Protein chains: 2
Amino acid sequence: MTTTDKASTRDRLLDAAAEIFYREGVSVGVEALCRSAGVSKRSMYQLFASKGEVLAASLERVLPAYEARLAPGSQEEAGPPRERILHVFARLEKASAEPAYRGCPYLAALVELKDPGHPASVVARGAKEWLLGFFRARAEEGGARDPELLARQLMLVFDGASARAGAKVETLDGLTTATATALLDAAGME
Amino acid sequence: MTTTDKASTRDRLLDAAAEIFYREGVSVGVEALCRSAGVSKRSMYQLFASKGEVLAASLERVLPAYEARLAPGSQEEAGPPRERILHVFARLEKASAEPAYRGCPYLAALVELKDPGHPASVVARGAKEWLLGFFRARAEEGGARDPELLARQLMLVFDGASARAGAKVETLDGLTTATATALLDAAGME
DNA sequence: AAGGTGGTAGACCGATCGGTTTTCCAGCTT
DNA sequence: AAGCTGGAAAACCGATCGGTCTACCACCTT
């Protein structure tokens with residue numbers, strides 16, 4: 001094994017892919033992607049069957065970190081369910097304040113590739129499913145009247161806010177936490 | 001003037017542009033666009049300076065119809081402000097039920113062209129501004145505690161719902177009207 | 001030291017990109 | 001009927017698309 005073996009080549013490629021696809025969109029060319037990763041097209045096509053697979057793998061790779069950021073401390077010290085939900089929106093607002101923020105990468109992928117069958121769309125839907133499930137679980141724990149409804153409402157707020165903030169149409173200073181709070185209260189969640 | 005004079009050529013082009021850009025995204029090529037419009041590339045480039053300008057003009061062209069659909073009956077018989085707001089979400093839910101629904105075209109344009117300076121992004125932001133203003137005006141009429149906040153919250157719901165329904169991640173049967181109602185109540189709007 | 005392995009660089013493929021230009025024709029004017 | 005106008009068709013431009021392939025090089029094994 002050389003210093004740039006298969007694994008590290010793959011890592012460099014996926015890291016660069018996540019960064020450039022997020023910054024410039026899924027229409028970035030394979031040439032530019034490989035250049036920014038320091039990986040030859042040859043190597044890329046030995047690791048992946050197509051550009052779409054690279055995109056899907058790059059989205060999948062950052063998913064655990066994404067989830068950990070929104071839902072830290074998987075169990076004990078995580079705090080009461082209401083706090084855990086509001087933490088998601090606090091993180092969203094904090095991230096959206098950075099100038100490089102371009103919205104949730106999973107929602108962006110779903111919108112840009114209009115094809116729901118695209119491998120990256122499948123990964124993106126999985127990310128959305130995970131967050132929906134997180135909200136629903138917390139809603140159940142908190143005794144919400146209709147946990148599924150509340151979770152879906154919170155997803156509307158999350159995705160609406162990330163799309164609008166990413167497109168620089170809105171600045172989220174406290175907006176999503178205020179909105180989420182109103183919905184939690186309306187759902188009778190403690 | 002022939003039967004296909006300058007005006008009707010322009011109309012055909014913009015109609016086809018609105019349709020194909022909405023269905024397939026802004027990455028559709030000029031070749032395919034002109035073919036579907038029955039307009040030569042020559043004519044297109046005599047009417048517009050670039051593909052981006054065609055996109056912007058096509059979005060601008062359908063804006064009055066878009067606004068009229070969401071806010072019918074500009075003045076008298078339009079009903080109380082609460083109803084007028086809920087009508088927006090009822091229309092959104094109805095539109096999103098159609099299989100060809102791909103989300104709000106203005107939000108999609110903002111997400112796909114990540115450049116806020118793109119001429120089409122300017123038009124799209126204008127459409128979003130208009131809806132925000134509509135919500136705020138109705139919120140004021142209805143005596144909401146914080147009309148601006150309520151309007152921004154409703155925009156989150158609207159854009160989140162259109163993005164999710166357009167990406168086929170969500171089905172909006174009553175979801176947005178229920179959410180909007182909760183927010184209207186929380187804002188103390190009559 | 002010889003050979004194998006696994007990577008980069010980049011030429012190359014046909015197709016398509018946005019955009020320009022030429023050619024031709026239909027229909028109007030006079 | 002001759003001439004003008006404006007649009008359609010399509011060739012053409014250089015660049016880039018996704019993807020393949022050759023050439024070469026650095027390192028590891030033996």
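Remember, it's a predicted structure, so these values are computed and weren't measured experimentally. Letters go in sequence order (proteins before strands), and every chain restarts at 1.
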N/O contacts under 3.5 Å, protein versus nucleotides 17-23 of chain D?
from   : atom 1 : to    : atom 2 : distance (Å)
D:dG18 : OP1    : A:K51 : NZ     : 2.4
D:dG18 : OP2    : A:V30 : N      : 2.6
D:dG19 : OP2    : A:Y45 : OH     : 2.7
D:dG19 : OP2    : A:K51 : N      : 2.9
D:dG19 : O5'    : A:Y45 : OH     : 3.3
D:dG19 : N7     : A:K41 : NZ     : 2.8
D:dG19 : O6     : A:K41 : NZ     : 2.0

Whole-Å distance separating the [atom1] atom of [X] from the [atom2] atom of [N]:
X: B:R35; N: C:dG18; atom1: CZ; atom2: C1'; result: 14 Å
X: B:L13; N: D:dG7; atom1: CG; atom2: C1'; result: 13 Å
X: B:F48; N: C:dT20; atom1: CZ; atom2: P; result: 15 Å
X: B:E53; N: C:dG18; atom1: CD; atom2: C1'; result: 14 Å

Salt bridge or not between [X] and [Y]? Use side-chain N to carboxylate O under 4.0 Å.
X: A:E31; Y: A:K41; value: yes
X: B:D15; Y: B:R10; value: no
X: B:E112; Y: A:K114; value: yes

Ring centres under 6.0 Å, that's the criterion: do A:F89 and A:F135 meet it? yes
Quick one: is B:R12 getting a side-chain N or O under 4.0 Å of the D:dA8 phosphate, OP1 or OP2? yes
Quick one: does any side-chain atom of A:E93 pair with a main-chain N or O of A:T177 as donor and acceptor, under 3.5 Å? yes
Sequence neighbours excluded - ring pair (Phe, Tyr, Trp, His ring centres under 6.0 Å) pairs with any residue from residues 15-70 of chain B: B:Y66-B:Y106
